[in-house]
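A short worksheet on the structure shown next.
Chain letters run A, B, ... following the sequence lines, proteins first, then strands; residues in each count from 1. Being a predicted model, the structure only gives us computed values, none of them experimental.
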Protein chains: 2
Amino acid sequence: MPGNERATHVTARTPTDAVRDIPEATVARLPVYLRALTALADGGTVSCSSEQLATAAGVNSAKLRKDLSYLGSYGTRGVGYDVEYLRYQIAREIGVTQDWPVVIVGIGNLGHALANFSGFRSRGFRVVALLDADHTLHEQQVAGIVVRPFDDLEQIVRENDVAIGVISVPAFAAQDVADRMVSAGISSILNFAPIVLTVPPGVDVRKVDLSIELQILAYHEQRKAHGEPV
Amino acid sequence: MPGNERATHVTARTPTDAVRDIPEATVARLPVYLRALTALADGGTVSCSSEQLATAAGVNSAKLRKDLSYLGSYGTRGVGYDVEYLRYQIAREIGVTQDWPVVIVGIGNLGHALANFSGFRSRGFRVVALLDADHTLHEQQVAGIVVRPFDDLEQIVRENDVAIGVISVPAFAAQDVADRMVSAGISSILNFAPIVLTVPPGVDVRKVDLSIELQILAYHEQRKAHGEPV
DNA sequence: TAGATTGTTAATCGATTAACAATC
DNA sequence: TAGATTGTTAATCGATTAACAATC
């Protein structure tokens with residue numbers, strides 16, 4: 001973002017900490033590779049070259065090999081990569097081989113869509129609760145899950161060991177929700193509200209902002225109309 | 001985020017083309033500045049320093065001033081920026097002072113949420129049509145707009161001069177929708193389907209991918225659990 | 001062995017940041 | 001004039017890419 005210019009990750013490490021440091025740009029592409037490998041595996045492909053995988057992921061092969069080199073040497077020179085083996089190694093590196101309980105706060109149109117989103121479950125993310133401050137929504141079922149009061153947040157985080165929260169409330173309410181999430185123990189937030197959230201160090205925020213994406217497209221579209229198109 | 005590692009913009013320019021070239025990372029932040037300026041203006045602030053604006057936008061002031069310098073000199077040394085004037089200059093640069101007709105294809109849960117999204121209208125984006133291949137949805141109204149058959153795409157694009165399309169169909173249908181959009185004359189696509197789209201040169205695609213955002217958060221969350229948190 | 005393809009190096013490119021001269 | 005703050009420079013940092021030695 002760019003793209004990622006999206007989130008700040010200030011994570012100090014002790015000198016003895018042996019965890020490899022993977023560049024942020026690479027981290028953002030690993031899920032893309034994972035998806036491409038899953039598609040290849042589903043299509044019956046057992047082995048692939050960096051060129052094949054790069055094409056499927058929409059990047060060039062030099063970048064792909066450089067990215068994979070941060071994880072280790074999981075390929076075979078002259079041969080390529082075992083699809084299933086590489087898929088597992090990337091999944092393990094990202095952390096999606098484990099279960100990630102998630103809460104969604106704000107069950108409006110977007111919250112509905114998120115709750116019904118099938119990509120959650122298939123990637124190790126499990127929606128443990130849907131919360132909304134509007135009591136007229138409580139007891140209603142969305143995607144098979146009962147909507148509960150926002151005030152249940154702390155209890156739910158504690159009981160389910162929730163680390164990731166999704167914010168889909170209106171902009172004016174988002175900072176309050178973030179504050180409550182952080183004090184409840186959540187340390188990763190996916191924010192759909194069009195506002196800059198302030199969080200303490202150690203808490204990661206990523207934002208998804210429809211309006212910004214459209215404006216970036218508009219900027220380039222405007223240029224096409226004036227300058228010479230490609 | 002990153003960045004904005006998200007979209008590729010291959011736009012060749014002739015040497016005589018006087019259009020300033022703004023770095024992609026800067027383009028991605030202009031909408032954030034625009035929003036911050038609108039918030040300041042709404043709060044009654046008439047003038048602000050780069051430090052103030054940077055804080056509101058969640059960046060540091062050096063970056064902000066560098067970004068603004070690509071647009072021109074719209075501040076006053078020793079004084080700061082006129083909020084309304086700078087707001088207008090950025091809006092003009094992005095292109096949101098003009099009207100952008102948009103079509104949304106795929107009126108499921110997400111399409112519903114997008115159609116109802118208030119940030120569209122307020123930023124110069126006007127939803128001219130909601131399309132879906134499922135005929136049981138046709139004639140239904142969503143956000144006050146009647147859902148029409150996907151086959152009406154070409155006619156709608158032609159009649160409304162649509163340049164921007166939003167794809168919120170399932171992954172398996174997304175490439176077909178993109179192909180139809182491109183051949184109908186759309187040259188900017190915002191894609192919510194979890195798939196890598198292939199488009200001809202000159203067409204911009206930006207993707208919004210919930211599953212990838214969550215996986216990036218999971219990666220960092222996993223690290224916090226092992227290494228030393230900040 | 002010959003052909004293929006990885007993993008790594010080094011060059012290039014673009015983005016960020018601090019510092020400060022320009023100037024209100 | 002003195003203080004404040006922009007716009008720009010230059011250094012640094014991180015990401016991308018091409019090329020190729022390593023090696024299957």
Can you identify which nucleotide, out of [options], has its nearest atom closest to the [X] side chain?
| X | options | result |
| --- | --- | --- |
| B:P23 | D:dT16, C:dA15, C:dT6 | C:dA15 |
| A:R65 | C:dT16, C:dT8, C:dA19 | C:dT8 |
| B:A62 | C:dT17, C:dG7, D:dT17 | C:dT17 |

Gap between atoms [atom1] and [atom2], on [X] and [N] respectively (whole Å):
| X | N | atom1 | atom2 | answer |
| --- | --- | --- | --- | --- |
| B:Y70 | D:dG7 | OH | C1' | 12 Å |
| A:D67 | C:dT8 | CG | P | 13 Å |
| A:Y74 | C:dG7 | OH | P | 11 Å |
| A:K66 | C:dT9 | NZ | P | 8 Å |
| B:E24 | C:dA15 | CD | C1' | 12 Å |
| B:L86 | D:dG7 | CG | C1' | 14 Å |
| A:Q89 | C:dT6 | CD | P | 17 Å |
| B:E51 | D:dA4 | CD | P | 14 Å |

At under 4.0 Å, does any side-chain N or O of [X] touch on OP1 or OP2 of [N]?
| X | N | answer |
| --- | --- | --- |
| B:Y81 | D:dA4 | no |
| B:R29 | C:dT16 | yes |
| A:S50 | C:dT6 | yes |

Next on the checklist: Taking the ring centre of each residue, are B:Y81 and B:Y74 less than 6.0 Å apart?
Outcome noted: no
Next on the checklist: Is the distance from the ring center of B:F120 to that of B:F117 below 6.0 Å?
Outcome noted: yes
Checklist entry - Ignoring hydrogens and angles, does a donor from either the side chain of A:R77 or the base of C:dT5 sit under 3.5 Å from an acceptor on the other? => result no
Item to check | Under-4.0 Å salt bridge between A:E24 and A:R29 | outcome: no
Checklist entry - With the threshold set at 4.0 Å, does a side-chain nitrogen-carboxylate oxygen contact exist between B:R65 and B:E51? => result no
Next on the checklist: Taking the nucleotide of DNA chain C with the nearest heavy atom to each, does B:T26 or A:T76 sit closer to the 5' end?
Outcome noted: A:T76
Checklist entry - Does D:dC13 pair with anything, Watson-Crick or G-U wobble, both distances under 3.5 Å, and if so, with which nucleotide? => result C:dG14
Checklist entry - Taking any strand in view, what nucleotide pairs with C:dA4 in a Watson-Crick or G-U wobble way, both distances under 3.5 Å? => result D:dT23
Item to check | Minimum side-chain heavy-atom gap B:K207-B:L197 below 4.5 Å | outcome: no
Checklist entry - Between B:G75 and A:G78, which has a closest nucleotide on DNA chain D that is more 5'? => result B:G75
